[in-house]
Amino acid sequence: MEHTEARSRARIVHFDRERLTTEDIVDIAEGSARVILSDAPEFRAAIARGADFLHRVLRQEGAIYGVTTGYGDSCDVMVPPQWVGELSRHLYTYHGCGLGAHFTPAQTRAIIATRLASLCKGFSGVSMELLEQLALLLQHELLPVIPCEGSVGACGDLTPLSYLAAVLCGEGEVWRDGAALPAATALAQAGMTPHPLRPKEALAIMNGTAVMTALACLAFARAEYLVRLATRITALSSFALAGNAHHFDATLFSVKPHRGQQAVAAWLRGDLACDAPAQNPQRLQDRYSIRCAPHVIGVLADALPWMRESIENELNSANDNPIIDAVEERILLGGHFYGGHIAFVMDSMKNAVANLADLLDRQMALLVDSRYNNGLPANLSGAIGPRAA
């Protein structure tokens, strides 16, 4: 009951063709925002136009990659018309071979929301009914049980997204109220019916970057928080070590104009008494892990804006193949399922976060070592008398 009331008070994120932010996905993942599919006539008309154009091409010409052909190198293999309807199911069952732990409920909400965002762009040739089914999964908290491991990296998140496709069709399992149960049962309990996939819809669900992008949104939020947390921990460490707050002087940082680094120094100045004399005048300057903290934390702080841009560009992209241009009535073959931008962002973020972990480790080493902690007890122990030995 409390969970239902909390969701009713959550802010609404409208899904249409407008741009979403990492915060939208994070809030949906954490349950502080709920998904509503737009009722705008122009949005729904754009979605219908793509699905109708695809259906017309199928009826008139009958040759569309991944719809009436095989996949990848099998693109020259034609699928007879009587078997086209089976192709979608074969695609998601073939890829449903993931392993390892399962994505958490928060991660799964982010994955569904991210895939929905891409399909709402109107370039995937899917039906409005499919979008509504995806939104209903989030609204009813029917979260596919998706293994974390196993995919085909260059072709999008095929394996994990195959579990989403299966659940839409009433197959596989979902989490509901903390328990796994058959998707068909859960859909029926929620008053939903399995969605009969149209010819391109399994490919549109699976052949994209929703999983990597969803996880990147969540990681970005943690990294953004970590910048502020590491800065605050540095201020506490400097204060405990009777450090020299003038290491974070505004003029000092004005001559090295990295904005993120300058912001970290400014936050430190706000936490420390920088207008007072140095607490430890016997030591000319503090050790690297204190004095150079803005330089280390600043690397991640300065990287966050371009990381956000890359993640949000991917979030707001149509990233399957083929792309359906219903306005110009063209079917465009490409490789938008390739997740290179997300991979580069996440590799860069990992390096920057590792540097922060190393920085905080060195600060802790200073605090517990009586040779360097400016009179604090060894190991920060409060023991006295014989116990102190």
What distance do [X] atom [atom1] and [Y] atom [atom2] have between them, rounded to the nearest 0.5 Å?
X: Met346; Y: Lys350; atom1: CE; atom2: NZ; result: 9.0 Å
X: Gln189; Y: Leu181; atom1: CD; atom2: CG; result: 6.0 Å
X: Ile111; Y: Leu143; atom1: CD1; atom2: CG; result: 10.0 Å
X: Ile25; Y: Leu116; atom1: CD1; atom2: CG; result: 8.5 Å
X: Leu158; Y: Tyr71; atom1: CG; atom2: OH; result: 10.0 Å
X: Asp52; Y: Ile324; atom1: CG; atom2: CD1; result: 12.5 Å

Counting N and O atoms only, with roles assigned by atom type, does the side chain of [X] sit under 3.5 Å from a partner on the main chain of [Y], one being a donor and the other an acceptor?
X: Asp320; Y: Leu203; value: no
X: Asn355; Y: Val296; value: no
X: Thr93; Y: His90; value: yes
X: Asp286; Y: Asn244; value: yes
X: Asp271; Y: Ala235; value: no
X: Arg109; Y: Thr104; value: no
X: Ser38; Y: Ala40; value: yes
X: Asp302; Y: Gly260; value: yes
X: Ser238; Y: Thr234; value: no
X: Arg115; Y: Ile205; value: yes

Does the side chain of [X] reach to within under 4.5 Å of the side chain of [Y], using non-hydrogen atoms?
X: Lys256; Y: Gln261; answer: yes
X: Leu20; Y: Asn316; answer: yes
X: Cys217; Y: Ile311; answer: yes
X: Leu161; Y: Ile146; answer: no
X: Tyr338; Y: Thr209; answer: no
X: Ile233; Y: Leu360; answer: yes
X: Val13; Y: Ile36; answer: no
X: Val77; Y: Thr69; answer: no

Can you tell which of Leu229, Leu226, Val299 makes a side-chain contact (heavy atoms from CB on, under 4.5 Å) with Leu356? Leu226
Could you walk me through whether Asn321 and Leu332 pass the side-chain contact (heavy atoms from CB on, under 4.5 Å) test, one step at a time? CA-CA 8 Å; Asn321 182 51; Leu332 305 171; over 6 Å; no
Honestly curious: do [X] and [Y] fall in one hydrophobic cluster under the side-chain, below-4.5 Å linking rule?
X: Leu134; Y: Leu138; result: yes
X: Val227; Y: Leu236; result: no
X: Ile323; Y: Leu58; result: no
X: Met349; Y: Phe344; result: yes
X: Met128; Y: Leu119; result: yes

Taking the basic N atoms (NZ, or NE/NH1/NH2) and the acidic carboxylate oxygens, is any pair closer than 4.0 Å for Glu23 and Arg11?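 No, Glu23 and Arg11 are not salt-bridged.
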Salt bridge check: are Glu141 and Arg34 linked by an N-O gap of less than 4.0 Å? no
Counting only heavy atoms not in [X] (residues, nucleotides, ligands), do more than 12 fall under 6.0 Å from its [atom1]?
X: Asp361; atom1: CG; result: yes
X: His341; atom1: NE2; result: no
X: Met78; atom1: CE; result: yes
X: Ile384; atom1: CD1; result: no
X: Asp347; atom1: CG; result: yes
X: Arg56; atom1: CZ; result: yes

Check the pair Ile290, Leu366 against side-chain contact (heavy atoms from CB on, under 4.5 Å), reporting the backbone distance first and the verdict last. CA-CA 9 Å; Ile290 301 297; Leu366 286 181; 4.1 Å; yes
Would you say the side-chain atoms of [X] and [Y] include a donor-acceptor pair closer than 3.5 Å?
X: Gln363; Y: Ser289; value: no
X: Tyr92; Y: Glu171; value: yes
X: Asn319; Y: Ser317; value: yes
X: Arg308; Y: Thr22; value: yes
X: Glu201; Y: Ser88; value: no
X: Asn313; Y: Ser310; value: no

Does the ring of Trp267 carry Arg228 above it, NZ/CZ under 6.0 angstrom from centre and within 45° of its axis? yes
Compute both the distance and the angle, then confirm whether Arg17 meets the cation-pi test with Phe123: under 6.0 Å from the six-membered ring centre, within 45 degrees of the axis. yes
Audit row: Val126, Leu131, side-chain contact (heavy atoms from CB on, under 4.5 Å) steps and yes/no: CA-CA 8 Å; Val126 301; Leu131 304 186; 4.0 Å; yes
List the atom of [X], the atom of [Y], and the distance in Å for their closest heavy-atom pair.
X: Leu300; Y: Ala223; result: CD2-O, 3.9 Å
X: Leu333; Y: Pro322; result: CD2-CB, 3.5 Å
X: Ser254; Y: Thr251; result: OG-O, 2.6 Å
X: Leu37; Y: Cys120; result: CD1-SG, 3.8 Å
X: Cys169; Y: Pro194; result: O-CB, 3.3 Å

Phe253 and its ring-ring contact (aromatic ring centres under 6.0 Å, His included) partner, picked from His295, His247, His258: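 The ring-ring contact (aromatic ring centres under 6.0 Å, His included) with Phe253 is passed solely by His295 among His295, His247, His258.
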Asp24/Thr21 under side-chain hydrogen bond (donor to acceptor under 3.5 Å, both in side chains): CA gap, chis, key distance, verdict: CA-CA 5 Å; Asp24 291 327; Thr21 66; 3.3 Å; yes
Hey, mind stepping through Phe103 and Leu215 against side-chain contact (heavy atoms from CB on, under 4.5 Å) and telling me if it holds? CA-CA 10 Å; Phe103 287 116; Leu215 299 182; 3.8 Å; yes
Output field: ring centroids His102/Tyr163 closer than 6.0 Å: no
